[in-house]
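Here's the structure, in structure tokens; my notes come after.
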Amino acid sequence: MPYYSLLRWLAFFYFYCFFGWCFESGYVSVKSRKWVNRGFMRGPFLPLYGSGAIMMLLVSMPFRSSLPLIYLSGCVGATVLEYVTGVVMEALFKVRYWDYSNEKFNFKGYICLGSSIAWGFLTLFMTEFLHKGVEYLVLSVPHVLLVVIVGVTSIYVISDFTLSFKAALDMRDILAKLDKVRAEMEHMQKRLDVLIAVANEEIEKRQEEKGERKLISYLQKEDLFERIEEQFLKIKDYVKKYPTAFVEEIREELMEMRGKFSIEKERRFQLKNMKDFFQRGLILGNPGMKSEKFKEALEELKEAIQDKLRNDKNG
């Protein structure tokens, strides 16, 4: 493999970013039976594939005369790259963009044996077949034209990556805020449960004394906010039928909680109503995205985006 200039290395990098995007998006789209624009960026580039390809070319250079060593170098090099990238991205964004936890012989979900084996075969395919054509194509492009192509592509890729990186950081903040709202609402629900239980004891005594029928019980909703809304309705019924069910201090606390609930509900709505193209793209383009720290918040975002897509389609 001959020595390449920095310009040609960049050309190779962008080509394999694009090739990886075509492969990954095509595979996931067929598997999902719908179009999925895969990747961290919104444009047709997957930096992990570009980085992986360049790494494969570099680590295989000393072993050009041995196919087994090319295979092993590709396995090791790509696996290390995938692991480091996965760890760094999760540390930065609190989200895991791919997860092998369900695969056999995986390590913390970042890498797995099947993936490593595939990387080795991909290294063989690329160095022995694919790259020869790519190399011929890049080397045949006039220098001035190559400078223009690489320059324009660099501007586009850097812009796309910068916006995607910012969107990922912003989404991390949204997840943190949603998680905080959920924690506050869970605390509120527990307090409401206590107040309702205390009121129930008093009301049941009165009902037994008067021979009245018990108040209708409400079904417990799965959604936390719907469940709290249901509890406020129950309390409203209690107060309406039994004006003295709650002392004045408790009434004031309930009014304060109701006001806070309305504010947090609107805040949650605004957080889930993701209008940013890059933020929506990060979720839609990575359907297997997971978050250990913000698991429930991420699922809320995914569901909200899918609901919006359904509403847009039906509307």
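Just so you know, residue 1 is the first one in the sequence shown, and it goes up from there.
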(message) Quick check against the 3.5 Å criterion: does Ser51 have a side-chain atom that pairs as donor or acceptor with the backbone of Leu48?
(response) no
(message) Check this for me, if you would: do Arg96 and Asp99 make a salt bridge, where the nitrogen-to-carboxylate-oxygen distance has to be below 4.0 angstrom?
(response) yes
(request) Please work out which of the three classes, parallel, tilted or perpendicular, describes the rings of Trp9 and Phe12, given edges at 30° and 60°. (result) perpendicular
(message) According to side-chain contact (heavy atoms from CB on, under 4.5 Å), who are the partners of Phe15, at least two apart in sequence or on a separate chain?
(response) Phe19, Val134
(message) Whether the Glu24 and Tyr49 side chains hold a donor-acceptor pair (N or O, under 3.5 Å, no angle test) is what I'd like checked.
(response) yes
(request) Using the side chain to side chain contact (heavy atoms under 4.5 Å, CB included) rule, take Leu175 and Arg172 through it: C-alpha gap first, then chi angles, then the decisive distance, then the call. (result) CA-CA 5 Å; Leu175 291 173; Arg172 178 195 64 185; 5.6 Å; no
(message) Just to verify, which of Glu184, Met188, Gln231 counts as forming a side-chain contact (heavy atoms from CB on, under 4.5 Å) with Phe261?
(response) Met188
(request) Determine whether the side chains of Tyr97 and Glu90 contain a donor N or O and an acceptor N or O closer than 3.5 Å. (result) no
(request) Would you mind checking if Glu229 and Lys265 are paired as a salt bridge, meaning a charged N to carboxylate O distance below 4.0 Å? (result) yes
(message) If you define the side chain from C-beta out and look only at heavy atoms, does anything of Tyr156 sit under 4.5 Å from Val152?
(response) no
(message) Could you check whether Asp173 pairs with Lys177 (Lys NZ or Arg NE/NH1/NH2 to Asp/Glu carboxylate O, under 4.0 Å)?
(response) no
(request) Output yes when Arg267 and Glu264 qualify as a salt bridge under the 4.0 Å nitrogen-oxygen rule, no when they do not. (result) yes
(message) Can a donor-acceptor pair be found, under 3.5 Å and without considering hydrogens, that links the side chain of Ser115 to the backbone of Ile111?
(response) no
(message) To check you understand the geometry: which heavy-atom pair defines the closest contact between Ser116 and Thr79, and what is its length?
(response) OG-OG1, 2.7 Å
(message) For Tyr83 and Phe107, take the angle between the two ring planes, folded into 0 to 90°, and tell me which bin it lands in: parallel under 30, tilted 30 to 60, perpendicular over 60.
(response) tilted
(message) Quick check: closest heavy atoms across Trp35 and Ser25, and the distance to 0.1 Å?
(response) CH2-CB, 3.8 Å
(message) Which residues pass the side-chain contact (heavy atoms from CB on, under 4.5 Å) test with Leu122, not counting sequence neighbours?
(response) Met56, Trp119, Phe125
(request) Scan side-chain atoms only and decide if Ser154 and Tyr14 contain a donor-acceptor pair under the 3.5 Å cut-off. (result) yes
(request) Indicate yes or no: does Glu128 engage Arg64 in a salt bridge with an N to O separation below 4.0 Å. (result) yes
(message) So that I can tick it off, tell me whether Glu292 and Lys94 are bridged by a salt bridge, with the cut-off set at under 4.0 angstrom between side-chain N and carboxylate O.
(response) no
(request) Measure the acute angle between the ring planes of Phe40 and Phe161, then classify it against the limits of 30° and 60° as parallel, tilted or perpendicular. (result) tilted
(message) A quick test of your reading: do over 12 heavy atoms of other residues, nucleotides or ligands sit less than 6.0 Å from CD of Glu266?
(response) yes
(request) Using the rule that two of Ile, Leu, Val, Met, Phe, Trp, Tyr join whenever any of their side-chain heavy atoms come within less than 4.5 Å, decide whether Leu58 and Leu69 are in one cluster. (result) no
